[in-house]
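Numbers here simply count residues along the sequence, with the first being 1.
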Amino acid sequence: MSLDDRSLSPEKDYSWFATMIVNPDKPARNILSGGKIRRTEPPKIFTEKLCAATKADMPGLYAEEGIWYDALFVISQLIEANPANKTFRDQRADLLEQVGLHKVAVSEKSEK
């Protein structure tokens, strides 16, 4: 699923939730997660950097600006398009580490 940024108003907080159904017969085992997201208008200098960047450079640019969801989205697209590229998987693991998702990051590294 992707968000169409035109459906989010700038500078407004939104809550999101996702459920992974582990066992349809035992709902208590389902995994629920959620968070907040905010659409921001990027500074002009960032937009210029992004326009000049290669797709492989984009996750780093987004991460430097604190735009975590977009960084994760682009690095995941790169992995999907290049599943054998271990560098992209390492970058995603590093990104997950930075936000405290240590177990997920370790899992990412073990998938190599």
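Here N82 pairs with nothing under the side chain to side chain donor-acceptor pair (under 3.5 Å) rule; sequence neighbours left out. Applying the side chain to side chain donor-acceptor pair (under 3.5 Å) test to S76 and every residue at least two apart in sequence or in another chain returns R92.
Listed here is the closest heavy atom pair of N85 and T87: OD1-N, 2.9 Å. Nearest heavy atom pair, residue A105 against residue A93, reads CB-O, 3.4 Å.
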Let me check something: any side-chain donor-acceptor pairs from residues 64-75 under 3.5 Å, sequence neighbours excluded? List them with distances.
unit_1	atom_1	unit_2	atom_2	d
Y69	OH	W16	NE1	2.8
Y69	OH	K36	O	3.3

Could you list the donor-acceptor pairs under 3.5 angstrom formed by side chains in residues 40-51, with sequence neighbours left out?
unit_1	atom_1	unit_2	atom_2	d
E41	OE2	R39	NH2	3.3
T47	OG1	P43	O	3.3

Considering only distance and modelled atom types, tabulate donor-acceptor pairs under 3.5 Å from the side chains of residues 19-33, sequence neighbours left out.
unit_1	atom_1	unit_2	atom_2	d
N23	OD1	D25	N	2.9
N30	OD1	V22	N	3.1

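L78 has its side chain within reach of P59: a pair of non-hydrogen atoms, C-beta onward, lies under 4.5 Å apart.
Counting only residues at least two apart or on different chains, the salt bridge (charged side-chain N to carboxylate O under 4.0 Å, His left out) pairs with a member in residues 7-19 are E11-R38, D13-R38.
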